[in-house]
Amino acid sequence: MLGYDAPDGLVAIRLSEVEAYRGVGEDPGSHAFRGRTARNAVMFGEPGHLYAYFSYGMHVCLNIVARPAGLSSGVLMRGATVVAGIDLARQRRPGVNDRDLARGPGRLSRALGVPLGAGGSDLLESPFELRVPEAPLHSACGPRTGVSGDGGGTAYPWRFWLPGDEGVSPYRRHKLAAE
DNA sequence: ACTCCGATTGGCT
DNA sequence: GCCAATCGGAGTA
């Protein structure tokens with residue numbers, strides 16, 4: 001579960017789907033593959049911090065840094081259900097079904113109200129709250145969505161989701177590398 | 001300086 | 001199913 005206490009109120013979500021990205025030279029699908037830049041610097045920093053990036057000119061996507069500082073990594077939060085502050089989440093996403101409030105990476109950041117500028121924040125400190133499930137979850141894994149080129153195929157089956165969970169994002173075929 | 005394009009979404013056919 | 005929206009980063013010159 002991840003909560004964010006924004007100036008206008010608190011929303012918390014329960015994650016249903018994530019994608020893992022490794023780092024320099026290891027993972028062609030990773031923003032860190034070609035080395036450290038100003039944009040991806042957070043991926044090289046402390047685990048538990050927030051790597052936020054801006055995509056398609058309109059969306060903010062949120063990642064949790066997972067590996068020790070000096071390496072590089074990110075876990076993209078792709079799908080979730082709202083478990084607290086649902087009225088506020090509805091305000092932030094007018095006209096959207098409750099199920100769809102956080103079901104997708106761009107939707108998720110909007111429902112939580114996390115701005116791009118929050119990138120680099122420690123998710124273990126206020127105004128964030130990150131909690132891990134008490135018992136292990138049964139998850140499925142498969143190819144990552146939307147990743148083009150070599151990083152998208154079955155060589156990197158690092159999309160993880162909870163089968164049947166309503167917070168899993170709608171399936172989209174990833175772009176396959178040439179065969 | 002200039003071009004290409006994306007870890008997407010929502011609206012329209 | 002198809003496609004426009006929208007803009008910063010990264011690669012090239």
Side-chain angles (χ1 to χ4, degrees), chain A residues 2 4 11 13 15-45 47-67 71-82 89-121 123 139-162 165-178:
Chain A
L2 175 66
Y4 176 61
V11 170
I13 58 171
L15 292 169
S16 308
E17 178 187 358
V18 299
E19 280 177 8
Y21 290 83
R22 288 178 74 102
V24 184
E26 306 176 291
D27 180 355
S30 173
H31 288 169
F33 183 60
R34 294 176 180 276
R36 181 177 180 141
T37 66
R39 175 219 209 180
N40 65 25
V42 176
M43 294 182 77
F44 292 77
H49 285 227
L50 177 68
Y51 169 50
Y53 68 90
F54 188 61
S55 185
Y56 286 94
M58 58 185 89
H59 303 296
V60 175
C61 296
L62 308 177
N63 296 248
I64 303 171
V65 177
R67 301 170 77 196
L71 301 175
S72 49
S73 65
V75 176
L76 171 68
M77 297 184 270
R78 288 193 56 85
T81 50
V82 175
R90 288 177 185 134
Q91 274 176 239
R92 288 172 176 160
R93 309 213 50 222
V96 172
N97 294 333
D98 286 354
R99 186 189 176 195
D100 293 332
L101 288 172
R103 192 167 64 118
R107 298 165 170 185
L108 185 153
S109 65
R110 292 230 316 267
L112 274 180
V114 177
L116 184 61
S121 301
L123 295 174
S139 67
C141 68
R144 295 179 296 195
T145 303
V147 180
S148 59
D150 296 338
T154 52
Y156 303 89
W158 297 338
R159 175 182 182 228
F160 301 91
W161 68 94
L162 303 178
D165 191 282
E166 67 168 14
V168 176
S169 66
Y171 174 74
R172 276 188 194 76
R173 196 172 96 217
H174 64 279
K175 193 177 195 177
L176 292 171

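This one's a predicted model, so the numbers in the text were calculated from it and none came from an experiment. Throughout, protein chains are lettered first and strands after them, A, B, ... in sequence-line order, and every chain is numbered starting at 1.
- Rounded to whole Å, atom P of C:dG8 lies 15 Å from atom OH of A:Y51.
- Rounding to whole angstrom units, NE2 of residue A:H59 and C1' of C:dA4 are separated by 12 Å.
- Phosphate proximity of C:dG11 to A:R34: present, with a side-chain N or O under 4.0 Å from OP1 or OP2.
- Put simply, the side chain of A:H31 does not reach to within 4.5 Å of the side chain of A:N63, judged on heavy atoms.
- Cation-pi geometry between A:R144 and A:Y21 is met: under 6.0 angstrom from the ring centre, within 45 degrees of the axis.
- Protein atom CZ of A:R36 is 16 Å distant from nucleotide atom P of C:dG11, rounded to whole Å.
- You'll find a donor-acceptor pair under 3.5 Å spanning the side chain of A:Y53 and the base of B:dA7, going by distance alone.
- As a whole-Å value, the separation of A:F33 CZ from C:dG11 C1' is 15 Å.
- Within the 4.0 Å cut-off from OP1 or OP2 of B:dT8, not a single side-chain nitrogen or oxygen of A:R110 is found.
- Looking at heavy-atom distances under 4.0 Å, A:Y56 makes contact with a base.
- OP1 or OP2 of C:dA10 sits under 4.0 Å from a side-chain N or O of A:T37.
- Taking the 5.5 Å centre cut-off and the 30° plane limit, the aromatic side chain of A:Y21 is classed as stacked on B:dA7.
- Spacing between C:dT6 and B:dC2 at atom P, rounded to whole Å, works out to 22 Å.
- Atom P of nucleotide B:dT9 and atom CG of A:N97 are separated by 15 Å, given to the nearest angstrom.
- When the P atom is compared between C:dG1 and B:dA7, the two are found 22 Å apart, to the nearest whole Å.
- When both pairing distances are held under 3.5 Å, B:dG11 makes a Watson-Crick or G-U pair with C:dC2.
- Minimum interatomic distance between A:N40 and A:Y51 (heavy atoms only, all atoms of both residues): CA-CE1, 4.0 Å.
- Side-chain proximity of A:R39 to C:dC7, B:dT9, C:dG9: nearest is C:dG9.
- At the phosphate of B:dA7, OP1 or OP2 sits under 4.0 Å from a side-chain N or O atom of A:H31.
- In the set B:dT9, B:dA7, C:dA10, C:dA10 carries the atom at the smallest distance from any side-chain atom of A:N40.
- The interatomic distance linking A:L62 (CG) with B:dT8 (P) rounds to 13 Å, in whole Å.
- At a threshold of 4.0 angstrom between heavy atoms, the contacts of A:R103 with the nucleic acid are absent.
- Among all heavy-atom pairs drawn from A:A89 and A:L101, the shortest one is O-CD2, 3.9 Å.
- Among the nucleotides C:dT6, B:dA7, C:dC7, the one closest to any side-chain atom of A:M58 is C:dT6.
- Closest of all the heavy-atom pairs between A:L162 and A:L15 is CD1-O, 3.9 Å.
- Distance A:F54 CZ to B:dC5 C1': 14 Å, rounded to the nearest Å.
- Counting non-hydrogen atoms under 4.0 angstrom, A:G106 reaches the backbone sugars and phosphates but no base.
- Considering every non-hydrogen atom in both A:R67 and A:S73, the closest pair reads N-OG, 2.9 Å.
- Between the CG atom of A:L50 and the P atom of B:dA7 there is a distance of 17 Å, given to the nearest Å.
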